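Worksheet: one structure, shown below.
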Amino acid sequence: MRRIAILNQKGGVGKTTTTVNLAAALAASGQRVCVLDLDPQAHATTHLGCEPDGSGPSLYDVLVSSKPLAAVRKEADQNLWLCPADINLAAAEVELAGVVGREVILRESLAQDATTFDYMLMDCGPSLGVLTLNALAAADEVVIPLQPHFLALHGLSKLLETTAIVARRINPRLKVTGVAVCLFDAQTKLAHEVVADLSAFLDKSRGQPVPWADARVFDTRIRRNVKLAECPSFGKSIFRYAPTCPGATDYAALANELAGAVDVGQQPLAAKPTEAGQPVLAVA
């Protein structure tokens, strides 16, 4: 199982959009995928059609009350499961402040969970607090969604520093797999310059004893697309809402790259038409 934290401490860069639509793409290909919503805003939960009203159990109960993950997990779609969040998750930061080993509670819960998945994607909030540290302690990989602005590059250094600290002290397996460029506008010079600077920075890290030594900028660029902004309000992934739009094409391609990033022998994902004529991802 690949455990991947989708992480950036800056808000509005496409973390939740990337988490949900990557998960949907992988699930449509036949992979068993589970999304963990570790953001108190619960946007991934809403995006997948689950109302975060606090009426049912959530990851708050897992972290604070030791509830099993199986008691929280819900089936969101075929091959796709969700461990939801709700507003109570915001209190976890305070309630866990004095708990010894609070950074590894999620990892221990996953170790006790008998259900297996091919991919586990963790949607992290825009902070580097206890919830994000739990994701980093439980994950093997980090994927960083990045908006191509220069200020985003400045924030990236702090984020990478955090992964290095976690890898050194808590989770030595942690690696940064890559950076996914989101909200990309190919017509602006700035976007291309930021991508070039980022690629150059990562190239200089090759062979260094840091978690991002093998990281790369994914070739796929997630273009600005209004359909990606619309689909969360319908509780659907982009593949359910607008399967032929550029946003669906981009996330299908990104899922292709992610699937081959580590699993060398894994077959690529490909789009093939269904009987209704709408493309659905499948293993080629």
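Since the model is a prediction, treat every value here as computed from it, not as a measurement.
- Under a 3.5 Å cut-off, the side chain of Asn225 and the backbone N or O of Cys245 do not form any donor-acceptor pair.
- Side-chain atoms of Ile222 and Val181, non-hydrogen and from C-beta on, never get closer than 4.5 Å to each other.
- Under a hydrophobic clustering in which Ile, Leu, Val, Met, Phe, Trp and Tyr are joined whenever their side-chain heavy atoms come within less than 4.5 Å, directly or via other members, Leu69 and Val104 fall into different clusters.
- Proximity of a side-chain donor or acceptor of His47 to a complementary backbone N or O of Val20 within less than 3.5 Å is not detected.
- Heavy-atom minimum distance, Thr18 versus Pro145: OG1-CB, 4.2 Å.
- Taking the side chain as every heavy atom from C-beta outward, Leu121 and Cys34 never approach each other to under 4.5 Å.
- When atom types are taken as modelled, the side chain of Thr46 and the backbone of Ala42 share a donor-acceptor pair closer than 3.5 angstrom.
- By the 4.0 Å N-to-carboxylate-O rule, Arg3 lies too far from Asp140 to be salt-bridged with it.
- Pro148 and Cys182 make their closest contact through CD-O, 3.1 Å (heavy atoms, listed as atom of the first residue, atom of the second, distance).
- No more than 12 heavy atoms of other residues, nucleotides or ligands sit less than 6.0 Å from atom CD of Gln78.
- No donor-acceptor distance shorter than 3.5 angstrom exists from the side chain of Glu95 to the backbone of Val64, with no hydrogens or angles considered.
- In this structure, Arg169 contributes its side chain and Ala167 its backbone to no donor-acceptor pair below 3.5 Å.
- Annotation: cation-pi pair Arg32/Phe117 present, NZ/CZ under 6.0 Å from the ring centroid and within 45° of its normal.
- Between Val176 and Val143 there is no side-chain heavy-atom pair separated by less than 4.5 Å.
- No continuous path of hydrophobic side-chain contacts links Leu36 to Val142 [ILVMFWY only; heavy atoms under 4.5 Å].
- Note on Met1: it clusters hydrophobically with Val62, by side-chain heavy-atom contacts below 4.5 Å among ILVMFWY residues.
- When side chains are defined from C-beta on, Trp81 does not count as touching Val33, because their heavy atoms never get closer than 4.5 Å.
- In this structure the side chain of Val179 never reaches within 4.5 angstrom of the side chain of Val195, judged on heavy atoms.
- Nearest heavy-atom pair across Ser29 and Gln31 is OG-CG, 3.3 Å.
- Classification of Lys227 and Glu230 as a salt-bridged pair holds, one side-chain N sitting under 4.0 Å from a carboxylate O.
- You'll find the side chain of Thr163 stays beyond 4.5 Å of the side chain of Val210, heavy atoms only.
- Ring orientation note: the planes of Phe184 and His192 are nearly perpendicular, at an angle over 60° on the 30°/60° scale.
- Considering only residues two or more places apart in sequence or on other chains, His149 meets the ring-ring contact (aromatic ring centres under 6.0 Å, His included) condition with none of them.
- Contact record, Cys124 with Ala5: SG-CB, 4.3 Å, taken as the closest heavy-atom pair.
- Glu93 places a side-chain N or O within donor-acceptor distance of the main-chain N or O of Val130, the cut-off being under 3.5 Å.
- The list of salt bridge (Lys or Arg N to Asp or Glu O under 4.0 Å) pairs with a residue in residues 96-114, not counting sequence neighbours, reads Arg73-Asp113.
- Using modelled atom types, no side-chain atom of Lys204 and backbone atom of Ser199 make a donor-acceptor pair closer than 3.5 Å.
- Closest approach of Ile6 to Lys15, counting heavy atoms only: CG2-O, 3.7 Å.
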Yes or no on side chain to side chain donor-acceptor pair (under 3.5 Å) for Asp123 and Thr16, after CA distance, side-chain angles and deciding distance? CA-CA 6 Å; Asp123 184 34; Thr16 298; 2.8 Å; yes
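- Residues Leu183 and Leu159 are members of separate hydrophobic clusters, defined by side-chain heavy-atom contacts under 4.5 angstrom among Ile, Leu, Val, Met, Phe, Trp and Tyr.
- Using a 4.0 Å cut-off between a side-chain N of Lys or Arg and a carboxylate O of Asp or Glu, Asp214 and Arg206 do not qualify as a salt bridge.
- If you check the side chains of Thr45 and Asp37, you find a donor sitting under 3.5 Å from an acceptor.
- The pair Glu141-Arg2 meets the salt-bridge criterion, with a side-chain N (NZ, NE, NH1 or NH2) lying under 4.0 Å from an Asp/Glu carboxylate O.
- Between Ile4 and Met122, the closest side-chain pair of non-hydrogen atoms is not below 4.5 Å.
- A donor atom on one side chain and an acceptor atom on the other are found under 3.5 Å apart for Asp86 and Ser58.
- Within the 3.5 Å criterion, the main-chain N or O of Pro57 finds no donor-acceptor partner in the side chain of Asp61.
- Expressed to the nearest 0.5 Å, how far SG of Cys83 lies from CG of Leu59 amounts to 5.5 Å.
- Remark: the Ser65 side chain and the Tyr60 side chain contain no N/O donor-acceptor pair separated by less than 3.5 Å.
- Put simply, the side chain of Asn21 never gets that close to the backbone of Tyr251: no donor and acceptor are under 3.5 Å apart.
- Between Cys50 and Leu82 the shortest heavy-atom distance is CB-CD2, 3.9 Å.
- With no hydrogens or angles considered, no side-chain donor-acceptor pair links Ser127 and Gln9 at under 3.5 Å.
- Side-chain contact between Leu48 and Leu80: present, with at least one pair of heavy atoms (C-beta onward) separated by less than 4.5 Å.
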